[in-house]
Novice: 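The structure under discussion is supplied below as structure tokens; questions concerning it will follow.
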Amino acid sequence: MTPIYDGKAKTLFAGPHPHTVIVAFKDTATAGNAQKRATFPHKGTLCNAISCKLFELLAAHGLPSHYIRKLSDQSFLAHQVQIIPLEVVVRNRATGSITKRLGIPRGQPFQPPLLEFFYKSDPLGDPLLCESHIFALGLATQNELREIQEQALQANKTLREYFAELRIDLIDMKFEFGKTPNGQILLADEISPDTLRLWDAQTKESLDKDIFREEKGDLVTAYREVARRMGLV
Ligand code: C5P
């Protein structure tokens, strides 16, 4: 099959029905705007299993997404959407870029959760955007942005409560949204330890891609531990 899009961690193929795509996970991890790259056997399978289960969880809580169903160990079927070039970050605690940007101590809680937008642009290094930038660049209308904010916060609430039951603290996450041909805004991309920051509730150790970013352990062991607590392995 010929890919319709070849990304850093996933490849997209045309789906079996009109307006569907197959999302296939790779075993690759990248960090720091793809400056750092490595391959981890089984990572793709784990991210796919975790994403499928989390999209199903959100759907069960009334939040639809581009996800339709799991197809294989490394792929799922999705509605084709036009991705809005925004990285929508929700933070429950400070870590990562916000600690450096604003000098907020690592681990400081945000109540209510903090929502940020970044421009999805590798050449520009995904810069932070405010709402006026989004409207000036024509990336979304006011109504679309309100819809995106509501869905992102609802997804955070559902995921945070779910992970808390698994003794995992959902620290922050990045969502992407897409638009269907009839203008519906749908949560898209993936939801996995590549895009969520997850800390063990007791030890505070990372169970996510920070292990690769900061070279602090074995990525696949941590992803498998998340999958194990989710009842997937
Ligand atoms: O690096 P930063 O602290 O801004 O990341 C916030 C959240 O967004 C983290 O969960 C991180 O894994 C995720 N993220 C992502 N892809 C990016 C940038 C951030 O999934 N390109």
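Every number for a ligand or one of its atoms is a count from 1 in the order of the listing.
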Novice: Where the side chain of Asp200 meets the backbone of Gln202, is there a donor-acceptor pair that is under 3.5 Å apart?
Specialist: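 Yes.
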Novice: Mind checking what makes salt bridge (Lys or Arg N to Asp or Glu O under 4.0 Å) contact with Lys53, not counting sequence neighbours?
Specialist: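 Testing Lys53 for salt bridge (Lys or Arg N to Asp or Glu O under 4.0 Å), a comparison that skips the adjacent residues, returns none.
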Novice: Please tabulate, one line per pair, the protein N or O atoms found under 3.5 Å from any N or O atom of ligand 1, giving the distance to one decimal.
Specialist:
{"unit_1": "ligand 1", "atom_1": "3 (O)", "unit_2": "Arg91", "atom_2": "NH1", "d": "3.0"}
{"unit_1": "ligand 1", "atom_1": "3 (O)", "unit_2": "Arg91", "atom_2": "NH2", "d": "3.4"}
{"unit_1": "ligand 1", "atom_1": "3 (O)", "unit_2": "Ser97", "atom_2": "N", "d": "2.9"}
{"unit_1": "ligand 1", "atom_1": "3 (O)", "unit_2": "Ser97", "atom_2": "OG", "d": "3.4"}
{"unit_1": "ligand 1", "atom_1": "3 (O)", "unit_2": "Arg197", "atom_2": "NH1", "d": "3.0"}
{"unit_1": "ligand 1", "atom_1": "4 (O)", "unit_2": "Arg91", "atom_2": "NH2", "d": "2.9"}
{"unit_1": "ligand 1", "atom_1": "4 (O)", "unit_2": "Ser97", "atom_2": "OG", "d": "2.6"}
{"unit_1": "ligand 1", "atom_1": "5 (O)", "unit_2": "Arg197", "atom_2": "NH1", "d": "3.4"}
{"unit_1": "ligand 1", "atom_1": "10 (O)", "unit_2": "Asp172", "atom_2": "OD1", "d": "2.5"}
{"unit_1": "ligand 1", "atom_1": "10 (O)", "unit_2": "Thr195", "atom_2": "O", "d": "3.4"}
{"unit_1": "ligand 1", "atom_1": "12 (O)", "unit_2": "Arg213", "atom_2": "NH2", "d": "2.9"}
{"unit_1": "ligand 1", "atom_1": "21 (N)", "unit_2": "Glu87", "atom_2": "OE1", "d": "3.2"}

Novice: Donor-acceptor pairs are to be reported for all side-chain atoms of residues 73-90 against protein atoms at under 3.5 Å, with residues two or more places apart or in another chain.
Specialist:
{"unit_1": "Gln74", "atom_1": "NE2", "unit_2": "Phe25", "atom_2": "O", "d": "2.7"}
{"unit_1": "Ser75", "atom_1": "OG", "unit_2": "Ser72", "atom_2": "OG", "d": "2.7"}

Novice: Enumerate, atom names and distances included, each donor-acceptor pair closer than 3.5 Å involving a side-chain atom of residues 119-129, sequence neighbours excluded.
Specialist:
{"unit_1": "Lys120", "atom_1": "NZ", "unit_2": "Glu176", "atom_2": "OE1", "d": "3.4"}
{"unit_1": "Lys120", "atom_1": "NZ", "unit_2": "Glu176", "atom_2": "OE2", "d": "3.4"}
{"unit_1": "Ser121", "atom_1": "OG", "unit_2": "Leu124", "atom_2": "N", "d": "3.3"}
{"unit_1": "Asp122", "atom_1": "OD1", "unit_2": "Lys8", "atom_2": "NZ", "d": "3.3"}
{"unit_1": "Asp122", "atom_1": "OD2", "unit_2": "Lys8", "atom_2": "NZ", "d": "3.4"}
{"unit_1": "Asp126", "atom_1": "OD1", "unit_2": "Ser121", "atom_2": "N", "d": "2.9"}

Novice: When you measure from the side chain of Glu190 to the backbone of Val23, do you find a donor-acceptor pair of N or O atoms at a distance under 3.5 Å?
Specialist: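 No, Glu190 side chain to Val23 backbone: no donor-acceptor pair under 3.5 Å.
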Novice: Run the numbers on Leu58 and Tyr67 for side chain to side chain contact (heavy atoms under 4.5 Å, CB included), then give the verdict.
Specialist: CA-CA 10 Å; Leu58 293 177; Tyr67 173 85; over 6 Å; no
